[in-house]
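Heads up: numbering here begins at 1 and tracks the sequence.
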Amino acid sequence: MKKIRPLAAAAAVLVTGAALTACNGGSGGSSGPGYNAAVNKVVNASDTKGGTLRLADSDDFDSPDPGNTYYAWTQNFARLYGRGLTTLAPGAGQETLKVVPDLATSLGTPGDGGKTWTYKLRTGVKYDDGTTVTAQDVKYAIERSNYSDELQLGPKYFKAYLQDNSPAYKGPYKDKSDSGLKSIETPDPQTIVFHLAKPFAEFDYLAAMSQSMPVPKAKDTGLKYESKIVSSGAYKVDSYVRGKSMTLSRNTYWDQKTDPIRKALPDKIDLQLKQNPDDIDNRLLAGKLDMDITGVGVQSGTQGKVLQGNQKGFTDNPFQGFLRFLSLNIHVKPLDNIHCRTAVQYATDKVAAQTAYGGPLAGGDLATTLLPPSVAGYRKFDLYPQTYKKAGGLDDATIAKAKQELAACGQPNGFSTKISARSDRPKEVAMAQAIQQGLTKVGIKVDIVQFPAGDYFNKYVGAPKYVHDHGIGMMLMAWAADWPTGYGFLSQIIDGRAIKPSGGNNLPELDDKQINDAFDAAIANVQEAARLKAYGDIDEAAMKQAVDVPLIYAKALLYRPKTATNVGITLGYGGMYDYLNMGVTK
C-alpha cells in the first residue's frame, strides 16, 4: 500500500495540516527537538557519513522484492537498494508528497493525449555487480511484477492500463519471445516508452512504485529473487534471511553524480526481523535501536512513558492517511446476506475498537466512510449512525437496529464466525478482542484467528480460497492510498478486478459492475470536480452494500531516538519516517 500524492489533493492536505497543528498544539515544553517537530521539517539534519543504522520490525516483509510488495514501509525502505523511474521526494511534510525523477532524468513526457509516456534514464547508473542499468531492465521488472502468476503481492496497475498483446501477454516466465509486452518499447538502452489503452494523467505516480526498479533478466529467479536482490541503489543487500534479518552495505558502484536525492550516510544498515514489539520500544528508549521501521507507533504500554517529561520532545503524532477497518466477506455465510452485514455495521463498538488501538491520540478518529478526510474526493456521510451510553457501549436504540437487521437476515439470535488480526501487532489483536466483546451483545459470536503480518495477505486473508475454506467472515486491515485521490485509495479494495488468488486487498471480494464501471468513468474524466464527486459516490455505493466497517482514521504515536539523523515524517508513505536519507550519530 504505497501512498502517492497527485496535485489534485493539495487543498485536502493543507486542511489536514492545519487540523493537525490545532489538535496537537505544537511543541511541548520537554527536551529534545520537540513534540511533532519532525512532522513538517527534518530534525537532527546531518551530512555525516558512517556508522550502522539499527532498525527493527515486529514481523517481516511481505517480500523485499521490489516487484512483489505492497506494504508502505517496504516501498519506503526498498529505495535504499533500488531506484525506480520516479519516486516521492525525501524530507518531511508537504514536500514528501511531490513526485520527482529518480532513475529517470525527468518526469515523464506525455503524448497522444496522455496515452503515451516517455522516460529517459540517467547515464552511468550501475548495479552492485558493476553492470549498467538499462531501459530493458526496467521493462523486464514491470513485466515480471505485473504479468506473472508467481509474483502476486504487489499492485497490478501497469497491467490494468498498458495495452496488451493479442493474444494476451503471459508474462516473461511463460512468454520467451524477445519482444515481450509490446506496449513497453525500449528503442535504446536509455529510453523507455509506455503505451496505455486509455489516458492516465497521473502516470508519474505509477512510475514511482517500486515495480519500476530495474531487474536484469539474467539475474531473475522468480520468487527466490527476494533472497538475492540485485541493487541499483546506494546500498546492496548483503543478506536476507526470512524471519531473522536483512543487512545492507554500500553499493561501491553507486555514483552520487547520478543521484541527486540520496545522501547514503550510514556505512551499514542492520534490520532485525520478528522482534517483540514491547522489546522494540524498550530498546528505542534506551538508545539501543535507531528506528521501528513499520511506522505503526509505540505499543500501548509505552505511550505513557514517552508522553511524560523529557521523552515527549522525541515523539510525533501525525495523521497517517490510513483507514483501519473490518472487512466482511460476502462469500462466507451468513455474511453473504446484506442484512447480516448491516447488523455488524450497527453492532460494532467503534469506540471500544478505538480505545483498544490506543485511543484518539495513538489510534485515530472514529470513521464512517472508506475515504479518509485527507484524500481528495472524501465526502462526509454516515449510513449506519450509532449512539453510545455515557458509561460506554452502544445504547439500546443502536442495539435494537442491529437486532432488527439480524431478524431480517434470518438470524434473530445472532450467528457465529471468525475475525482475523495480525499476531505480531498487539494493538490490532486488542481491537479484535474489543469488537468480539461488543458483538456478543446482539448474539454474534466470533472466534479470533491470528496470522503473522508478513504472510497476512499472501497466504491468509488475501487468499479467497483460504478465507472460504476456513470460514473467516471478518478481517481486520488497514489501508492507505497508493496515491491520495479516491481512485488511488479505493480501487484496490473495492474494485472487483483487484481480486487476486493471493495477496489481494479486496477482502470482501466485492465485484459490482456498477462500481467497477464507475471507477473507469472517473479516472478517464479530465474534469477534476466531477472526478472527485464520483469518488464520493463510489464510496457511498460500497457502504450501501455494507461490505466494510470503517473503524478509525488512523494516527500513530511515533518515537524518534536522538541517535537517528535526518528524521522527518513522509506523508507520501503514510505518515511514517522517511528512511531514504536517515543516518546515525555513531
Side-chain angles (χ1 to χ4, degrees), residues 1-4 52-84 87-92 96 102-103 128 145 153-155 208-213 215 225-227 229-251 254 259 261-266 268-275 280 289-297 320 424 453-454 480 482 556 558 560 564-584:
M1 45 193 98
K2 187 170 179 288
K3 286 74 58 189
I4 307 173
T52 299
L53 181 64
R54 303 163 300 178
L55 310 173
D57 178 7
S58 60
D59 197 69
D60 205 331
F61 298 89
D62 49 355
S63 171
D65 182 340
N68 198 31
T69 179
Y70 217 145
Y71 272 120
W73 77 264
T74 311
Q75 299 256 331
N76 184 2
F77 183 75
R79 297 182 298 160
L80 291 165
Y81 52 82
R83 296 178 64 180
T87 190
L88 296 166
T96 63
D102 187 357
L103 187 58
D128 59 88
S145 62
L153 301 185
M209 291 182 169
S210 61
Q211 295 179 335
S212 75
M213 293 177 180
V215 175
Y225 182 73
E226 68 176 26
S227 63
I229 297 169
V230 180
S231 170
S232 56
Y235 291 89
K236 63 184 176 70
V237 181
D238 293 325
S239 68
Y240 167 63
V241 180
R242 187 159 186 82
K244 292 186 177 179
S245 65
M246 173 181 274
T247 58
L248 309 179
S249 64
R250 295 187 183 281
N251 172 7
W254 175 77
D259 195 338
I261 63 172
R262 287 171 178 78
K263 293 178 180 290
L265 297 183
K268 293 184 178 180
I269 298 172
D270 178 15
L271 171 58
Q272 299 175 9
L273 302 167
K274 292 278 187 182
Q275 301 296 297
I280 289 176
L289 190 67
D290 302 309
M291 194 59 59
D292 177 358
I293 197 168
T294 53
V296 297
Q320 294 201 297
D424 56 294
D482 287 337
L558 304 173
R560 48 180 150 76
T565 64
N566 294 328
V567 183
I569 295 293
T570 170
L571 298 177
Y573 290 98
M576 66 181 69
Y577 293 115
D578 193 319
Y579 307 128
L580 191 64
N581 287 321
M582 191 170 286
V584 287

Minimum-distance pair of heavy atoms, taken over all atoms of Tyr71 and Ala453 = OH-O, 3.0 Å
remark   = Closest non-hydrogen atoms of Leu265 and Asn581, given as atom of the first, atom of the second and distance, are CD1-O, 3.8 Å
inquiry  = Checking side-chain polar atoms at under 3.5 Å, does Thr247 have a donor or acceptor matched by the opposite partner on Ser239?
reply    = yes
remark   = Note: Ser212 and Gly84 closest approach over all heavy atoms is OG-CA, 3.3 Å
note = Output for pair (Ser145 OG, Met209 CE), nearest 0.5 Å, gives 10.5 Å
ask   = Do Tyr235 and Pro266 have side chains that get closer than 4.5 Å, going by heavy atoms?
value = yes
key: Residues Arg54, Asp270: salt bridge by 4.0 Å N-O rule   = no
query = How far does CG of Asp59 sit from CG of Asp424, to the nearest 0.5 angstrom?
reply = 4.0 Å
request  = With side chain to side chain donor-acceptor pair (under 3.5 Å) as the test, would you mind laying out the steps for Thr294 and Asp292 before giving the verdict?
outcome  = CA-CA 6 Å; Thr294 53; Asp292 177 358; 3.2 Å; yes
task = For residues Gln211 and Pro155, report the shortest heavy-atom separation together with the two atoms involved.
result = NE2-O, 2.8 Å
key: Worked check of side-chain contact (heavy atoms from CB on, under 4.5 Å) between Leu53 and Lys268   = CA-CA 6 Å; Leu53 181 64; Lys268 293 184 178 180; over 6 Å; no
request  = Could you verify whether a donor N or O on one side chain and an acceptor N or O on the other, from Ser249 and Asp238, lie under 3.5 Å apart?
outcome  = yes
inquiry  = Side chains of Asp290 and Thr52, heavy atoms from C-beta outward: is any pair under 4.5 Å?
reply    = no
message = Counting C-beta onward and ignoring hydrogens, is there a side-chain heavy-atom pair between Ile280 and Leu289 closer than 4.5 Å?
response = yes
inquiry  = For Asp578, is there an ion pair with Arg79 - N to carboxylate O distance below 4.0 angstrom?
reply    = yes
remark   = Correct closest heavy-atom pair for Leu580 and Leu80 would be O-CD2, 3.7 Å
request  = Ignoring hydrogens and angles, tell me if any N or O in the side chain of Asp128 forms a donor-acceptor pair with the backbone of Ser231 under 3.5 Å.
outcome  = yes
key: Heavy-atom check, side chain of Asn76 versus side chain of Met576, under 4.5 Å   = yes
Trp73 and Phe77 aromatic ring geometry - parallel, tilted or perpendicular at 30°/60° bounds = tilted
ask   = Does Lys274 NZ have over 12 foreign heavy atoms under 6.0 Å away?
value = yes
ask   = Any sub-3.5 Å donor-acceptor pair from Asp57's side-chain atoms to Leu273's backbone N or O?
value = no
inquiry  = Is there a side chain to side chain donor-acceptor pair (under 3.5 Å) between Ser245 and Gln272? Walk through the geometry before answering.
reply    = CA-CA 5 Å; Ser245 65; Gln272 299 175 9; over 6 Å; no
message = Please determine whether side-chain contact (heavy atoms from CB on, under 4.5 Å) holds for the pair Leu88 and Leu571, giving the CA-CA distance in whole Å, both sets of side-chain angles, and the decisive distance to 0.1 Å.
response = CA-CA 9 Å; Leu88 296 166; Leu571 298 177; over 6 Å; no
ask   = Counting distance only, does the side-chain N/O of Arg262 pair as donor-acceptor with the main-chain N or O of Asp259 below 3.5 Å?
value = no
key: Partners meeting ring pair (Phe, Tyr, Trp, His ring centres under 6.0 Å) with Tyr240 (sequence neighbours left out)   = Phe61
task = Measure from the side-chain N and O atoms of Asn251 to the backbone N and O of Lys236, and report whether any donor-acceptor pair falls under 3.5 Å.
result = no
ask   = Given side chains that start at C-beta, do those of Ile229 and Pro64 come closer than 4.5 Å, heavy atoms only?
value = yes
query = Hey, is the main chain of Asp102 close enough, under 3.5 Å, to the side chain of Arg83 for a donor-acceptor pair?
reply = yes
task = Using a 4.5 Å cut-off on heavy atoms from C-beta on, say whether the side chain of Met246 contacts that of Val237.
result = yes
ask   = Hey, is the main chain of Ser63 close enough, under 3.5 Å, to the side chain of Asn68 for a donor-acceptor pair?
value = no
task = Check Gly575 against Gln320 and note the closest heavy-atom contact, atom names and distance.
result = O-NE2, 3.4 Å
query = Just by distance, do the side chain of Tyr225 and the backbone of Pro66 share a donor-acceptor pair under 3.5 Å?
reply = no
ask   = Does Ser58 reach the side chain of Gln275, with side-chain heavy atoms less than 4.5 Å apart?
value = no
Flag, side chain of Tyr579 to backbone of Ile293, donor-acceptor distance under 3.5 Å = yes
request  = Taking the side chain as every heavy atom from C-beta outward, state whether Met582 and Met291 have any pair of such atoms under 4.5 Å apart.
outcome  = yes
